[in-house]
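Mind looking over this structure? Questions follow.
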2 protein chains.
Amino acid sequence: METRELRYFVAVAEELHFGRAALRLGIAQPPLSRAIGALERRLGAALLERGSRGVSLTGAGAVLLREARAALDAVEAAERRTRRAALTAAGHPSVVLAAKAGASGELLAKLLDVHAAEPGAVAVDVLLCGPGEQAGVLRDGRADVALLHRPFDDTAGFDTEDLHTEGQVVILPAGHPLAVRPHLRLDEVTGLPDLPLPRWPRPDGSFPDGPGPQVRDHTQLTQLIALGRACAVVPESGRTGLREDLAAVPVLDAPRVTTVIAWPPHSRSTAVAGLVRAATTL
Amino acid sequence: METRELRYFVAVAEELHFGRAALRLGIAQPPLSRAIGALERRLGAALLERGSRGVSLTGAGAVLLREARAALDAVEAAERRTRRAALTAAGHPSVVLAAKAGASGELLAKLLDVHAAEPGAVAVDVLLCGPGEQAGVLRDGRADVALLHRPFDDTAGFDTEDLHTEGQVVILPAGHPLAVRPHLRLDEVTGLPDLPLPRWPRPDGSFPDGPGPQVRDHTQLTQLIALGRACAVVPESGRTGLREDLAAVPVLDAPRVTTVIAWPPHSRSTAVAGLVRAATTL
DNA sequence: AGCGGCGATACCCCAGCGGTATCGCCGCCC
DNA sequence: GGGCGGCGATACCGCTGGGGTATCGCCGCT
């Protein structure tokens, strides 16, 4: 199978519409129809159900969508990592570290300091991601190593090293009645009608249904909380550097969050190893 | 990048010879030279050092070789798993379980029994592998789930569940002086001049250098030991069903071996989940 | 019945892949 | 040192197959 066929199939499977998929791929619709048809014939499997109202995935199609995404990520990673290896050989060694924007700021700063102090440390490019983006960024080679947060991020498929475990706090407007409490339970803060939990975008950019406001980044979140339109449950370290119009109250029964450093299991370059070593000595 | 280019590059990188690589790929040498040249130009990186005596890999080339193998495995896995998903939809559901030939026989039998007794259990095809082959078989989609043995097998990149931990024994000819001892230390059995440890083939089929005889499977191994030409350190469970002309003596300080069940993190089908559930209840 | 949306088919064209012939370079050996 | 052989690169050609346009067939809606 060629990656071109996989890209074509993924486009159709995501759009569930040959015309739109062709538009997205920058080709005409007929060659796309033919390519998918040929793919189905070669695999000996129906991938799409052509109904009169658009198309839908078959079971085999759903499997191929999942596997094709992984395979395309691997191919992209091969290309990116090779390009970066060439730069390294040309005298510009660097590692790309993915971190969630607005999380673990303290730890990240310490990590970069400790690593920079080591002899022979290479330059570290920090790639800030939205929530849930890090795993993908690591898989497709845009990053070499990432800071993830269990249980929020999926660490499956990566090698990891635990760095730090902490409880969670709820961030509230400073004037809110609950803000004066010494601590809270989870059921007291989820489903507050006046302060709903915000909705973060899915990897594809769409938002889940629900009552809360839509947020895309940390700034939007703090602003919404300050405006009294939302609250948020975040790891303790998120309270450092908090705006003065916000308050943080520990949530005792919220799951504890573990910060881990993760990297693709087969790419243990010396540069990544150095960063991991620095992280574990924190 | 197209998989064709990756396949071409892997062939050249493995053969380190354009002519032989072309032969292996079933094409002529000139288009291969051109394809690699075009790839290098597009990546903006030298992948191969063309010396007067054959070719060698550059740093970037070594990175691409590693990444390309992973990517090609992922593409193959996509194809295989889609084919199998189609068969499942057509009413022939099955799971392929990879196990090391000659290891964990007892556990494997119990696992298959327990799983078969569950309601709605699908057929299990057992794929027996040589040592170290399981990870590859799982990565390229020939198997859906595997029994691995830490610390021998590399479990990086898979989801795993521990099943069983055991010590190791050394298998000796029944008449050997050490066979009467109640237990042994590792340094007493490694480097016995009369009974060297055998050499297993690497993934590429070649054998490491060393004094021991070359073995390819379990039968060869037991026969060589019975002939007094080798000994072997294996998990305790390897002593069940031992030929009567062989003896097993516990090796106290050999690393304990953990049998784990492993599967690719992103492909948790219900069939795989059922098998994992059966395994964890053993 | 007419129309519009959507995927499949028919047919054509050309880019790109692969093949053959040949070159250029470098060791090697008599 | 000149001839030779091995190996990768280049030149050039032919054709396959991927992509484009036009159109069909089917279905649902009005």
Side-chain angles (χ1 to χ4, degrees), chain A residues 1-62 64-65 68 71-72 75 79, chain B residues 1-62 64-65 68 71-72 75 78-79 86:
Chain A
M1 262 194 314
E2 290 303 313
T3 61
R4 183 180 47 82
E5 308 180 89
L6 293 179
R7 271 188 287 266
Y8 285 8
F9 174 75
V10 169
V12 176
E14 285 179 356
E15 300 285 347
L16 292 177
H17 189 291
F18 278 75
R20 278 197 302 275
L23 207 63
R24 192 173 113 185
L25 292 165
I27 65 171
Q29 171 260 319
L32 182 56
S33 281
R34 265 184 293 140
I36 301 290
L39 185 60
E40 288 180 305
R41 224 171 310 118
R42 255 214 336 280
L43 290 173
L47 301 171
L48 299 165
E49 214 74 81
R50 277 84 160 172
S52 54
R53 216 61 207 150
V55 291
S56 61
L57 284 174
T58 64
L64 183 57
L65 178 57
L72 289 175
V75 172
E79 184 161 348
Chain B
M1 262 194 312
E2 291 303 313
T3 61
R4 183 180 48 82
E5 308 180 88
L6 293 179
R7 272 188 286 266
Y8 285 9
F9 174 73
V10 169
V12 176
E14 285 179 356
E15 300 285 347
L16 292 177
H17 189 291
F18 279 76
R20 278 197 301 275
L23 206 63
R24 190 172 117 186
L25 292 165
I27 65 171
Q29 171 259 318
L32 182 56
S33 280
R34 263 183 293 138
I36 302 291
L39 185 59
E40 288 180 306
R41 226 171 309 118
R42 259 217 329 283
L43 290 172
L47 301 171
L48 298 166
E49 214 75 81
R50 277 86 161 170
S52 54
R53 217 62 208 150
V55 292
S56 61
L57 283 174
T58 65
L64 183 57
L65 178 57
L72 289 174
V75 172
E79 184 160 349

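Residue numbers begin at 1 in each chain, while the letters A, B, ... track the order of the sequences. The analysis underlying the following values was restricted to heavy atoms, covering all of them including side chains, and did not include hydrogens, waters or symmetry mates.
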Quiz item: Roughly how far apart are A/L57 CG and A/L47 CG, rounded to 0.5 Å?
Solution: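 Rounded to the nearest 0.5 Å, the CG-CG separation comes to 8.5 Å.
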
Would you mind reporting whether A/F18 and A/R50 have side-chain heavy atoms less than 4.5 Å apart?
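A/R50 reaches A/F18 side chain to side chain.
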
Using only modelled atom types and a 3.5 angstrom limit, is any donor from either the side chain of A/R34 or the base of D/dG20 paired with an acceptor on the other?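 Per atom types, the contact qualifies.
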
Next item on the list: Evaluate the side-chain proximity of A/L65 to A/V10: yes if any heavy-atom separation is below 4.5 Å, no if none is.
Entry: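 They are in contact (side-chain heavy atoms under 4.5 Å apart), so the answer is yes.
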
Quick check: closest heavy atoms across B/Y8 and B/A35, and the distance to 0.1 Å?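 It is CD2-CB, 3.7 Å.
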
The first and last nucleotides of DNA chain C lying within contact of chain A, meaning any atom under 4.0 Å from one of its heavy atoms, run from C/dC6 to C/dT9

- Message: Would the distance check show the side chain of B/Q29 and the main-chain N or O of B/G19 forming a donor-acceptor pair, the cut-off being under 3.5 Å?
- Response: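 Here the side-chain-to-backbone pair does not exist.
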
Given side chain to side chain contact (heavy atoms under 4.5 Å, CB included), test A/L39 with A/L6 step by step and report yes or no. CA-CA 9 Å; A/L39 185 60; A/L6 293 179; 5.7 Å; no

CG (B/L32) and CD (B/E15) are apart, to the nearest 0.5 Å, by 10.5 Å

Numerically ordered, the residues 10-32 of chain A set in heavy-atom contact under 4.0 Å with DNA chain C is A/H17, A/F18, A/G19, A/Q29, A/P30

Can you list the residues that meet the side chain to side chain contact (heavy atoms under 4.5 Å, CB included) rule with A/E2, with sequence neighbours excluded?
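In terms of side chain to side chain contact (heavy atoms under 4.5 Å, CB included), with neighbours along the sequence ignored, A/E2 is linked to A/E5, B/E2, B/T3, B/R4, B/R7.
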
